[in-house]
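For reference, the structure is listed below as structure tokens.
This is a predicted model, so every value here is computed, not measured. Below, read A as the first sequence line, B as the second, and so on, with proteins coming before strands; counting in each chain starts at 1.
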Amino acid sequence: MKGEVFEVKSLVSHKMETGLRKNKKTGKKIPRDIINKFSVTYGGKEVFGADWHPAVSANPYTSFFVKASKSGPVVLKWTDDAGKVTEKTVKIKVSG
Amino acid sequence: MFEKSITHKIRRRDLLAMSGTGVIAVAGIGLFAGEAMADSAAVAKAIKKSVGGKSPKTGRVTLELPQIAENGNTVPIAVEVKSPMTAKDYVKAVHIYADENPVPNVATFRFSPESGKARVSTRMRMRKSQNIVAVAEMSDGSVYMGKKAVKVTIGGCGG
């Protein structure tokens with residue numbers, strides 16, 4: 001329904017390496033590799049976004065809300081330190 | 001064995017391998033009892049960096065966190081800010097800080113009037129018992145904050 005506020009629950013698979021842990025055998029620090037940016041667009045416009053630091057747990061879970069205005073794609077995009085992008089598109093239909 | 005372990009500063013994870021879980025729980029409480037629950041300077045500095053010179057007012061921001069978190073690697077957290085979330089009056093951003101983590105910044109969430117509701121849930125790492133602070137930036141430029149203390153039994157951050 002138009003105007004309805006709905007919840008979006010997302011889960012992405014990522015180790016979220018903090019850069020603080022050490023390799024137990026070599027004693028060397030394991031380089032940081034986290035998803036640092038999460039962006040959600042709806043109908044091409046950013047409606048929700050996040051900047052993350054190493055304190056975000058591995059396999060980040062995020063739930064947030066979006067207000068239904070028109071039928072269109074909701075695109076979730078995660079970008080990590082290595083520049084790897086994970087994307088998920090969900091098409092939603094809005095009635096009324 | 002337990003006393004000796006503490007003296008030699010063996011990590012709690014190694015300690016876990018040596019003794020029973022029950023002992024660890026007791027150790028956690030023992031270590032953190034009497035710990036000062038005050039905002040660290042690092043958080044204050046991080047807030048200043050995020051919102052500028054504005055001093056946050058108390059209120060409107062609610063943090064949902066467990067009182068006691070058994071596993072510091074993944075602690076559920078939800079932050080909700082009271083706001084009509086209209087084009088004229090909405091929450092622009094919510095910053096989350098932890099005063100006893102290696103890095104005070106945890107995450108920043110950006111909202112828009114299209115969010116409909118200024119609420120976000122996620123899971124975070126906590127090195128040990130500490131205060132979690134959430135600061136909300138409103139569209140009119142005002143800044144609000146909320147705070148909650150969490151006791152952590154076994155710390156995260158991969159120590």
Give me the atom names and distance for the closest heavy-atom approach of [X] to [Y].
X: A:A55; Y: B:N105; result: CB-O, 4.4 Å
X: A:Y61; Y: B:R123; result: CB-NH1, 3.6 Å
X: B:S112; Y: A:V47; result: OG-O, 2.8 Å

| A:E7 and B:K117 ion-paired at < 4.0 Å | no

| message | Does atom CD (B:Q67) have a neighbourhood of more than 12 heavy atoms from anything else shown, all under 6.0 Å? | response | no

May I ask you to decide if [Y]'s main-chain N or O and [X]'s side chain share a donor-acceptor pair within less than 3.5 Å?
X: B:T122; Y: A:T62; result: no
X: B:S115; Y: A:K67; result: no
X: B:T74; Y: A:S57; result: no
X: B:R125; Y: A:V56; result: yes

| message | Hydrophobic clustering (ILVMFWY, side-chain heavy atoms < 4.5 Å, transitive) - are A:V40 and A:V75 grouped together? | response | no

Name the region of [X], side chain, backbone, both or neither, that has any atom closer than 4.5 Å to a heavy atom of chain B.
X: A:A68; answer: neither
X: A:E46; answer: both
X: A:L11; answer: side chain
X: A:Y42; answer: neither

| Most contacts with chain B, counted as non-hydrogen pairs under 4.5 angstrom, among A:K45, A:H53, A:E17 | A:H53

| request: Assign the ring pair B:F109 / A:W52 to parallel, tilted or perpendicular, where the plane angle (0 to 90°) is split at 30° and 60°. | output: perpendicular

